[in-house]
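Just below is one structure, and these are the notes that go with it.
This one's a predicted model, so the numbers in the text were calculated from it and none came from an experiment. Order of appearance sets the numbers: ligands from 1, and atoms from 1 within every ligand.
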Amino acid sequence: MHVDLDSFYASLEENRNSAIRGKPIVVCVYSGRTEESGAVSTSNYKARALGIKAGMPIILAKRIAKGKDVTFLPVDMDYYREVSDRIMDLMEDESDIMEQVGIDEAYLDVTERTNGDLDKAIEIAEKIKEKITSQEGLTASVGISSNKFVAKMASDFQKPDGLTVLKDGEIIPFLENFKVSKLHGIGDKTTKSLNELGIETARDLSSYDLKELEEMFGKNKARLLHDKSLGIDDSPVEPKEKKQLSRIGTLKEDTKNIDIIFEKIFELSKDMEQRIIKNNVSFRTVSLITIDSELKTQTKSETMPLTKEIQKVVSVSKELLEKYLRENPDRKLRRVGIRISNLEFSKIQRTLDEF
Ligand code: DCP
Ligand code: CA
Ligand code: CA
């Protein structure tokens, strides 16, 4: 299964500001050189309909938006990561193995828990979509098939809020009319070379002589390209080894009340406990992350002998919080987070073919 969130940053901005809901929204990375230099990070579907797309210079986007009610906002990566982490958590709970790819998408191996039954996989996908919507107010697009490449192509097929399932017999008819440039993993350079050979579509690519492809691209790449055209992919869903695990939450209101802040930390630690168990991980360092009402971030850490006790996270972050409040008596906190790092993973034995 491949899950990708729809217009991720823009949807989050839309959710947290009712004044702009339903309007075209453009989220930007301002480079800071001049007031309008930088690029569009993403736009919601209303803004895309006007022609404003990710990667476009902000100046150009503003030109298109002129005279229209379009909202431009700067990126708030900390906030997007906070929500992303929670969504990755809930997807990890619904999968045997999860491989996060970037901030808003992941591959989920659900083979074992569904026993390879596609209908059961669809139920899982619907459950994940429902949770993402009810808990975070977002929609996601999902693709389900027998391998990663086709699942990814399927999740891209219907957006937003899509669910596309491809059974083995449906893969080739689905893929064959795609332009090679639309096949995931085939970039501009390769597309150009393929086009020069007269290969425009997946069908052209699949029927092209493999030996001749090998002369052009070398054995490995030729095989890879040919496989893509037929929807073949044997790569496993592989969890990324994490360097740290963190949970950040937003307080109901800005406060310096230790009980309220600690209650949040305690709530976050419940979440983190699940992660520790699921990842079978031990840690040496606990950190407290504080973001105050002026959005100033501070991190305080303590290192200790290797442990996997969540109680350690709770007690150490409480000490660090007391210290923070002593040192910053006038600051109110807006958000608070906990993090464990210096991690050690216990090897979990998986299927034989991973060895
Ligand atoms: N992103 C970015 N710059 C880009 C492309 C993307 O900063 N050139 C960021 C903003 C996106 C996020 O990454 O919200 C996820 O990228 P996607 O390509 O998945 O795009 P969206 O989620 O915004 O839209 P879609 O609904 O098409 O998936
Ligand atoms: Ca997305
Ligand atoms: Ca994505």
**Message:** Any carboxylate oxygen within less than 4.0 angstrom of a Lys/Arg side-chain nitrogen, looking at K192 and E196?
**Reply:** yes
**Prompt:** Does OH belonging to Y45 count more than 12 external heavy atoms closer than 6.0 Å?
**Reply:** yes
**Message:** For Q311 and S315, which I'm curious about, is there any donor-acceptor pair between the side chains at under 3.5 Å?
**Reply:** no
**Message:** Please determine whether a side-chain nitrogen of the Lys or Arg among R247 and E267 lies less than 4.0 Å from a carboxylate oxygen of the Asp or Glu.
**Reply:** no
**Item:** Exercise: identify the closest heavy-atom pair between M91 and A106
**Value:** CE-CB, 3.9 Å
**Item:** Closer than 3.0 Å to the Ca ion (ligand 3) - protein N, O or S atoms, ordered by chain and residue number
**Value:** D4 OD2, D104 OD1, E105 OE2
**Prompt:** Would a distance-only check, ignoring hydrogens and angles, find a side-chain to backbone donor-acceptor pair under 3.5 Å from D109 to T111?
**Reply:** yes
**Request:** Run through ligand 1 for me and note each protein residue having a heavy atom under 4.0 Å from it, chain first, then residue number.
**Result:** D4, L5, D6, S7, F8, Y9, S41, T42, Y45, R48, A54, D104, K159
**Prompt:** Is there a donor in the side chain of N280 and an acceptor in the side chain of K308, or the other way round, less than 3.5 Å apart?
**Reply:** yes
**Prompt:** In terms of the angle between their ring planes, are Y80 and Y9 parallel, tilted or perpendicular, with boundaries placed at 30° and 60°?
**Reply:** parallel
**Item:** Donor + acceptor pair across side chains of S37, S31 (<3.5 Å)
**Value:** yes
